[in-house]
Undergrad: 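This is the structure I want to talk about, given as structure tokens.
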Amino acid sequence: MTRSGCIAIVGAGHAGVQAAASLREGGYRGHIELVSAEHYLPYHRPPLSKRFGQPLSDVSIALRPASFYEAQAIGLQRGTTAVGIDVADQRLRLSNGRRLAYDHLILATGARNRRLDVAGEELAGIVSIRNLADAQRLREGAGAGGEAVVIGAGYLGLEAAAALRGAGVPVRVVARRSLPLAHAVTSDTARCLAGFLKGLGIEVSGRAAVAGFDGQAGAIRRVRFEDGTVEAADLVVIGIGAAPDLELAASAGLDTAEGILVDRDLLTAQPSISAIGDCAEPRCPAGPVRRLESVHNATSQARRVAARLTGRGMPPPETPWFWSDIGDLRLRIAGLAAEGDAALTIRTPGPGLAVLCFRNGLLVAAETINENGIHVAARKILDSGASLTIDEASCAGFDITRYAMKLRRAAA
């Protein structure tokens, strides 16, 4: 890739903005065009489900100030969507009628919230948090009083439930499973989460699928379930996960599955197109593929693509890590656990929880609640490639933070 020309980036979330910034940091002198479907200045999305009670604005939670794009000569097209890709001609067709020629195209289209697709989903008072406008609607609904029902016990649903409860709103969480985050964490961590939520006055109940919503005067009043039961609600938050935005890639004939398929270098089958962030799915012939939705994954992939395009050589992938702030609870996950991994709950010096996950006897992931020191230690171990075994971790007196410090001293 030359250091001049044009790189077009579709999507101005964490991945897209970081790619543009990293290109400039890497010495790219050509034109950079960042295409954003939203009219807002690109902003951090995690605060939307945690801090919606505050008067958030794109400026207050901006990824970069407006002056950054001007200073770095990054063209930021707000309120513009990419409607097509002419792969052979290397041109991006935009909703404003413009045809943007590119030397390389980076797709950072992100994901869209999943819908229930049931009757009544259009009623006022039903919110699915994805953008600033959604957070504003949730703030208004919380301020109107009444009772809230959160559908889905994933990260977003739990964050929103804790924030609503903190604002004095009675909240019930309903999901297909009775334990929160049961699909994403070990049973010990899920039970700890359930206990914390119960202490806040939030019950998580396993329920049948949602059958529909009933309203009055155009506003939500009841949630109906397929087993015939109902829940009264003046506010509903739908948090049942997200699906990658593949429409643009699929229309251009790019390979897609659970995401836009990319190789180890984050390239699609078209050598002039890369994909990063929530929309990208690595090809993995030797085993199952994994698409990750996290800020760290988005920014890490953006930096790697920018390094490749500026000829600096791509750094190796980093250990993935995630976080979720659920009220005062700080959940941190390092690495990728899988069903069937052995879980070891270890004693911690603080009031939180730490669970280490092992595959074939070796550490692959760690889950912590209010134990950031252990989280950092686990990340250091995983990043180093050291082989911490379950037998070592099970020994009396084992301290993972000291273990990580020894590794660091040995590597110095």
Side-chain angles (χ1 to χ4, degrees), residues 9-19 37 45-46 49 82 85 105-115 128-130 152-157 159 176 181-185 239-270 273-306 308 314-324 331-341 357 359 364-365 367 379 382:
I9 304 170
V10 179
H14 290 88
V17 171
Q18 184 62 59
R45 294 189 186 274
S49 56
I85 306 170
L105 173 63
I106 300 174
L107 298 178
T109 51
R112 297 173 176 173
N113 287 356
R114 296 185 188 276
R115 292 175 52 86
S128 182
I129 309 171
R130 175 54 61 172
Y155 296 106
L156 185 148
E159 290 168 358
R176 299 301 294 272
L181 284 177
H183 67 290
V185 299
I240 57 172
D245 190 341
L246 307 179
E247 185 176 345
L248 180 65
S251 68
L254 299 180
D255 295 335
T256 63
E258 295 301 315
I260 304 170
L261 293 176
V262 294
D263 63 16
R264 291 177 60 87
D265 294 332
L266 301 168
L267 274 169
T268 69
Q270 290 292 333
I273 303 177
S274 300
I276 57 176
D278 293 359
C279 69
E281 178 184 3
R283 298 177 189 266
C284 187
V289 294
R290 192 76 173 266
R291 183 181 65 85
L292 301 178
E293 294 179 16
S294 77
V295 171
H296 170 257
N297 182 64
T299 55
S300 174
Q301 289 187 347
R303 292 188 181 101
R304 294 183 66 224
V305 162
R308 168 167 55 79
M314 294 180 69
E318 300 174 7
T319 299
W321 60 275
F322 313 81
W323 81 88
S324 181
L331 172 64
R332 305 289 186 265
I333 300 175
L336 295 174
E339 188 175 355
D341 290 344
C357 301
R359 190 176 308 143
V364 292
E367 303 168 356
R379 278 175 55 190
L382 292 168

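The structure displayed is predicted, hence computed values, not measured ones.
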Undergrad: Nearest 0.5 Å, please: how far is CD1 in I273 from CG in L267?
TA: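 Atom-to-atom, L267:CG and I273:CD1 are 10.0 Å apart.
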Undergrad: Looking at CD of Q301 and CD1 of I106, how far apart are the two atoms once the value is rounded to the nearest 0.5 Å?
TA: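 Rounded to the nearest 0.5 Å, the CD-CD1 separation comes to 11.5 Å.
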Undergrad: Look at the side chain of D263 and the backbone N and O of D265, then say whether any donor-acceptor pair between them is shorter than 3.5 Å.
TA: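 Yes.
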Undergrad: Please answer whether the main-chain N or O of E258 pairs with a side-chain N or O of E281 as donor and acceptor at a distance below 3.5 Å.
TA: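 A pair under 3.5 Å: yes.
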Undergrad: If you measure from OG on S128 to CD1 on I240, what distance do you get to the nearest 0.5 Å?
TA: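 Reported to 0.5 Å precision, the distance equals 7.5 Å.
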Undergrad: Starting at CG of L292, measure out to CG of D278 and round the result to the nearest 0.5 Å.
TA: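 Reported to 0.5 Å precision, the distance equals 9.0 Å.
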Undergrad: Decide yes or no for I260 and L246: does some side-chain heavy atom of the first lie under 4.5 Å from some side-chain heavy atom of the second?
TA: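 Touching, per the 4.5 Å side-chain cut-off.
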Undergrad: Identify the two heavy atoms, one from S324 and one from E159, that lie closest to each other, and give their separation to 0.1 Å.
TA: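 For S324 and E159, the tightest heavy-atom pair comes out as OG-OE2, 2.6 Å.
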Undergrad: Within the structure provided, determine whether R304 and S274 are in side-chain contact (heavy-atom separation under 4.5 Å).
TA: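 R304 does not reach S274 side chain to side chain.
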Undergrad: With a 4.5 Å heavy-atom cut-off, do L331 and L181 have their side chains touching?
TA: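 They are in side-chain contact.
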Undergrad: How close do H14 and A298 get, counting heavy atoms only, and between which atoms?
TA: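 Heavy-atom minimum between the residues: CB-CB, 4.3 Å.
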Undergrad: I need the minimum non-hydrogen distance between A334 and R379, along with the two atoms involved.
TA: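 Scanning both residues completely, I find the closest heavy atoms to be CB-CG, 3.4 Å.
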Undergrad: Without swapping roles, check the side chain of S251 against the backbone of L248 for a donor-acceptor pair under 3.5 Å.
TA: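 Yes, the answer is positive, given that a donor and an acceptor are paired below the 3.5 Å cut-off.
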Undergrad: Quick check for you: to the nearest 0.5 Å, what is the distance between L107 atom CG and L266 atom CG?
TA: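 Separation between the atoms: 12.0 Å.
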Undergrad: Side chain of T109, backbone of D245: donor and acceptor closer than 3.5 Å?
TA: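 Yes, T109 side chain to D245 backbone: donor-acceptor pair under 3.5 Å.
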Undergrad: Hey, are the side chains of L105 and Q270 touching, using non-hydrogen atoms and a 4.5 Å cut-off?
TA: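 No, side chains not in contact.
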Undergrad: Just by modelled atom types, is the C279 backbone N or O under 3.5 Å from a matching donor or acceptor in the R291 side chain?
TA: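 Side chain of R291 to backbone of C279: no pair is present.
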Undergrad: For the pair Q18 (side chain) and T299 (backbone), establish whether a donor and an acceptor sit closer than 3.5 Å, ignoring hydrogens and angles.
TA: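 Flag not set: sc Q18 to bb T299 has no pair under 3.5 Å.
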Undergrad: What's the shortest heavy-atom distance between I85 and A252, and which atoms?
TA: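 Taking I85 first and A252 second, the nearest heavy atoms are CB-CB, 3.8 Å.
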Undergrad: Using the ring-ring contact (aromatic ring centres under 6.0 Å, His included) criterion, which residues pair with H183? Sequence neighbours excluded.
TA: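 In terms of ring-ring contact (aromatic ring centres under 6.0 Å, His included), with neighbours along the sequence ignored, H183 is linked to no residue.
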Undergrad: Would you say that T268 contacts V262 through its side chain, given a criterion of any heavy-atom pair below 4.5 Å between the two side chains?
TA: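 Counting from C-beta outward, T268 and V262 do come under 4.5 Å.
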Undergrad: May I ask you to decide if R130's main-chain N or O and R45's side chain share a donor-acceptor pair within less than 3.5 Å?
TA: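 Side chain of R45 to backbone of R130, a donor-acceptor pair under 3.5 Å: yes, one is there.
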Undergrad: Could you tell me which non-hydrogen atom of P46 sits nearest to which non-hydrogen atom of V295, and how far apart they are?
TA: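 Looks like CG-CG2, 4.0 Å.
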Undergrad: Determine the minimum heavy-atom distance between A19 and A306, stating which atoms define it.
TA: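 Taking A19 first and A306 second, the nearest heavy atoms are O-CB, 4.2 Å.
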Undergrad: Rounded to the nearest 0.5 Å, how far does CG of L156 lie from CD1 of I129?
TA: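 One gets 4.5 Å once the value is rounded to the nearest 0.5 Å.
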Undergrad: Does the side chain of E318 come within less than 4.5 Å of R303's, by heavy atoms?
TA: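 They are not in side-chain contact.
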